[in-house]
Q: 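Quick one: the structure is below, and I'll ask about it shortly.
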Amino acid sequence: MNERKCDVAIIGAGTAGLKAYKAVVARGGDAIIVERGPGGSTCTRVGCMPSKLLIAAARMAHQARGAGAFGIVVGDVSVDAAQLWSRIRRERDRFVASVLDDYHAIPAEHVVHGSARFTGPDRIAVGDQRIIATRGIVIATGAHPIVPDMLDPIRDLVHTHETIFELADLPATMAVLGAGPLGLELAQAFARLGVAVTVIDEGDTIGGLKDPKTNAAAIAALGDEFTLELGAEATASLTDDGRARLRWSGGEIEVDLVLAATGRPPSLDGLDLDTTGLARDDHGTPLFDESTRRCGDSDIFIAGDANAWRPVLHEAARGGRIAGDVAMGGPPAKPIPPFAIAFTEPNLTEVGMAFDALPDDARIGEASVADNGRATADGEDQGLVRLYADAGGTLLGASIVAPEGEHLGHLVALAIERGMDAAAFADQAWYHPTTEEMLQSAARDLLGDDS
Ligand SMILES: Cc1cc2nc3c(=O)[nH]c(=O)nc-3n(C[C@H](O)[C@H](O)[C@H](O)COP(=O)(O)OP(=O)(O)OC[C@H]3O[C@@H](n4cnc5c(N)ncnc54)[C@H](O)[C@@H]3O)c2cc1C
């Protein structure tokens, strides 16, 4: 076996892995990065970016169709599927290329192609190569989509986010299994492109929203654009004419295509984690410290979607950097507030402490999107903003279903990080007319200030 030594070995050259690599090198370390795929990242290839490109196209169609309400005459709106997919894939490829530039800039002697597996707590093997890491090993292997077994009878009609952006056309009808952020974003986009979409979920919440009032607002807003079947446990079968039939207690549909958006577990299979002696949770994911990404007191780190904690891009990037830094002797980094956005319209945003974790004496203020002048002017008046503070008024979090909710979420994240209280938050410069004013209204409501 060919044996090599380095300071830090990194498994996975996605967002987290590339950041970890750069952090090690920036501290003068010698790193080896192992990648089994073509490189690029989930975000650019099959995640954030192609989904936002699809959403952007869908928004165009939606606005064109709605233009008449503003006195703008557009005429019939139709979708040229070939051009739609061509733009999405062309722009997607540019995003992928920019990540590949980073990857290919790594000197060849620091890159190993193949699947890595542990052979001990300080070493990994890739094919017939053994890599011994003297300062740490970073697991940055990401996550992967799962297709539930119950879809086996219609397997050929099932897509995941890894294949859906390769469609040549648009189906007439489609079911989305899973009402999480990923499922909802794509469901609304396809619906706006003219596909009859039904979203099916066993639970009664959507978009990961924990606050029952914003959840209800989101269901009301999105339920206008596609069918939402919540609390529905579906089974699947193939129809005589080769379509997918989904049945649940009280309902049944036949569709051309099914998108499985039922979760993305960490990609840890095949890593032979048993050889590391790491403590793991019930799902087999190593336990780790959030401020260092270190697993127990080992020199193994886990960052990005691989650790199943906040599976979003900015946490993958930050986690990779932290893991690389700490492996090289750098300091821990304070966790930032949790922050998640579903880029539906209205956006579904939760930031900071979630509703179900609030202390009993928490104070909550809210503002209805229907009362916001800017949202009304823009013809987007559905949703609700809820702001949380502790008994002393210090901001804890927010649940936001609103147009431009992504920007409102960033403001709340910053305010929480700065330790702001609701009074100081309300007394900022809030320009009129903006959707941001809803945060001021919610803060005033929380304070009982109706001046
Ligand atoms: C459809 C969709 C939309 C999304 N939209 C957003 C969004 O709008 N905003 C947001 O913040 N987040 C979004 N996300 C989440 C975001 O894409 C992920 O959080 C992020 O890409 C995770 O990065 P990562 O580095 O952990 O994993 P990845 O980028 O997946 O990298 C993991 C790498 O590890 C490699 N690998 C795995 N196992 C091994 C092994 N044994 N040996 C060698 N290499 C291995 C893989 O080949 C891969 O290249 C979205 C995700 C999806 C699926």
Side-chain angles (χ1 to χ4, degrees), residues 48-49 51-67 69-70 181-182 184-189 191-192 206-211 213-225 312-314 337-352 355 365-388 395 397-418 420 422 425-426 428-446:
C48 328
M49 300 322 295
S51 59
K52 268 71 246 174
L53 286 161
L54 185 74
I55 288 169
R59 183 183 305 120
M60 287 287 170
H62 181 72
Q63 289 178 342
R65 266 190 220 106
F70 294 77
L182 191 165
L184 286 185
E185 285 184 3
L186 297 183
Q188 187 183 45
R192 289 180 166 192
I206 67 168
L209 293 171
K210 303 278 186 345
D211 186 316
K213 289 186 84 173
T214 51
N215 186 54
I219 290 171
L222 297 177
D224 278 355
E225 294 196 51
V312 288
L313 192 278
H314 67 275
F339 188 7
I341 302 172
F343 289 95
T344 50
E345 289 173 354
N347 296 158
L348 317 183
T349 303
E350 287 203 331
V351 57
F355 178 83
E366 60 184 50
S368 165
V369 175
D371 296 334
N372 179 261
R374 175 60 176 275
T376 307
D378 290 348
E380 295 172 345
D381 57 358
Q382 284 188 292
L384 183 68
V385 174
R386 301 249 290 164
L387 193 61
Y388 315 136
L395 294 178
S399 182
I400 298 168
V401 173
E404 312 292 337
E406 53 181 296
H407 306 304
L408 277 57
H410 278 93
L411 288 175
V412 177
L414 203 62
I416 293 171
E417 283 241 66
R418 301 275 154 95
M420 282 181 92
F425 191 57
Q428 296 298 301
W430 297 101
Y431 209 91
H432 176 74
T434 60
T435 51
E436 282 79 357
E437 286 176 293
M438 288 186 278
L439 290 176
Q440 185 184 38
S441 303
R444 282 191 176 147
D445 185 50
L446 186 151

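Quantities reported herein were computed from a predicted structural model and do not represent experimental measurements.
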Q: Can you list every side-chain hydrogen bond (donor to acceptor under 3.5 Å, both in side chains) pair that touches residues 368-378, not counting sequence neighbours?
A: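 Matches after skipping sequence neighbours: Arg374-Asp378.
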
Q: The criterion is side-chain contact (heavy atoms from CB on, under 4.5 Å); which residues satisfy it with Gln63, sequence neighbours excluded?
A: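 Gln63 satisfies side-chain contact (heavy atoms from CB on, under 4.5 Å) with Arg59 only.
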
Q: How close do Asn347 and Thr344 get, counting heavy atoms only, and between which atoms?
A: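 Heavy atoms only, the tightest pair is ND2-O, 2.7 Å.
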
Q: Indicate the atoms forming the closest heavy-atom contact of Ala443 with Ala426, along with that distance.
A: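 Of all heavy-atom pairs spanning Ala443 and Ala426, the closest is CB-CB, 3.8 Å.
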
Q: First locate atom OG1 of Thr349, then atom CZ of Phe343, and finally report the distance between them rounded to the nearest 0.5 Å.
A: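 It is 7.5 Å, given to the nearest 0.5 Å.
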
Q: Can you find a pair of side-chain heavy atoms, one from Glu350 and one from Pro338, that are under 4.5 Å apart?
A: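 Answer no - side chains too far apart.
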
Q: Are any non-hydrogen side-chain atoms of Glu436 and Glu404 less than 4.5 angstrom apart?
A: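 With C-beta onward as the side chain, the pair stays apart.
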
Q: Could you work out, with side-chain hydrogen bond (donor to acceptor under 3.5 Å, both in side chains) as the rule, every residue matching Glu437, not counting sequence neighbours?
A: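 side-chain hydrogen bond (donor to acceptor under 3.5 Å, both in side chains) list for Glu437, sorted by chain: His432.
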
Q: Could you report the tightest heavy-atom contact between Pro346 and Leu222, atom names first, then the distance?
A: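 The answer is CD-CD2, 4.4 Å.
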
Q: Report the distance from atom CG of Leu411 to atom CD of Gln440, rounding to the nearest 0.5 Å.
A: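 Result: 12.0 Å between the selected atoms.
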
Q: For Ala218, give me all partners under side-chain contact (heavy atoms from CB on, under 4.5 Å), at least two apart in sequence or on another chain.
A: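 Listed in chain order: Ile206, Leu209, Leu348, Val401.
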
Q: Find the distance between CD1 (Ile341) and NE2 (His407) and round it off to the nearest 0.5 Å.
A: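 Taking CD1 in Ile341 and NE2 in His407, the distance rounds to 8.5 Å.
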
Q: How far apart are the closest heavy atoms of Ile400 and Gly405, and which atoms are they?
A: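 Scanning both residues completely, I find the closest heavy atoms to be CG2-CA, 3.9 Å.
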
Q: Give, for atom CD1 of Ile416 and atom CG of Leu387, the distance between the pair rounded to the nearest 0.5 Å.
A: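 Answer for the CD1-CG pair, Ile416 versus Leu387, is 8.0 Å.
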
Q: side-chain contact (heavy atoms from CB on, under 4.5 Å) with Arg386: which residues, sequence neighbours excluded?
A: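 Scan of Arg386 (side-chain contact (heavy atoms from CB on, under 4.5 Å), adjacent residues dropped) gives Asp211, Lys213, Thr214, Phe355, Ile364, Glu366, Leu384, Tyr388.
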
Q: Can you name the closest pair of heavy atoms from Pro403 and Ala375 and give their distance?
A: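 Scanning both residues completely, I find the closest heavy atoms to be CG-CB, 4.0 Å.
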
Q: Could you work out, with ring-ring contact (aromatic ring centres under 6.0 Å, His included) as the rule, every residue matching Phe339, not counting sequence neighbours?
A: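 For Phe339 the ring-ring contact (aromatic ring centres under 6.0 Å, His included) partners, ignoring immediate neighbours, are His410.
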
Q: Nearest heavy-atom pair of Ala58 and Ala189: which atoms, and what distance?
A: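 In terms of heavy atoms, the two residues are closest at CB-O, 3.4 Å.
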
Q: Kindly indicate, with the supporting measurements, whether the criterion side chain to side chain contact (heavy atoms under 4.5 Å, CB included) is fulfilled by Leu446 and Phe425.
A: CA-CA 11 Å; Leu446 186 151; Phe425 191 57; over 6 Å; no

Q: Would you mind telling me which of Gln382, Arg192, Glu225 makes a side-chain contact (heavy atoms from CB on, under 4.5 Å) with Glu345?
A: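 Testing Glu345 for a side-chain contact (heavy atoms from CB on, under 4.5 Å) against Gln382, Arg192, Glu225 leaves exactly one candidate, Arg192.
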
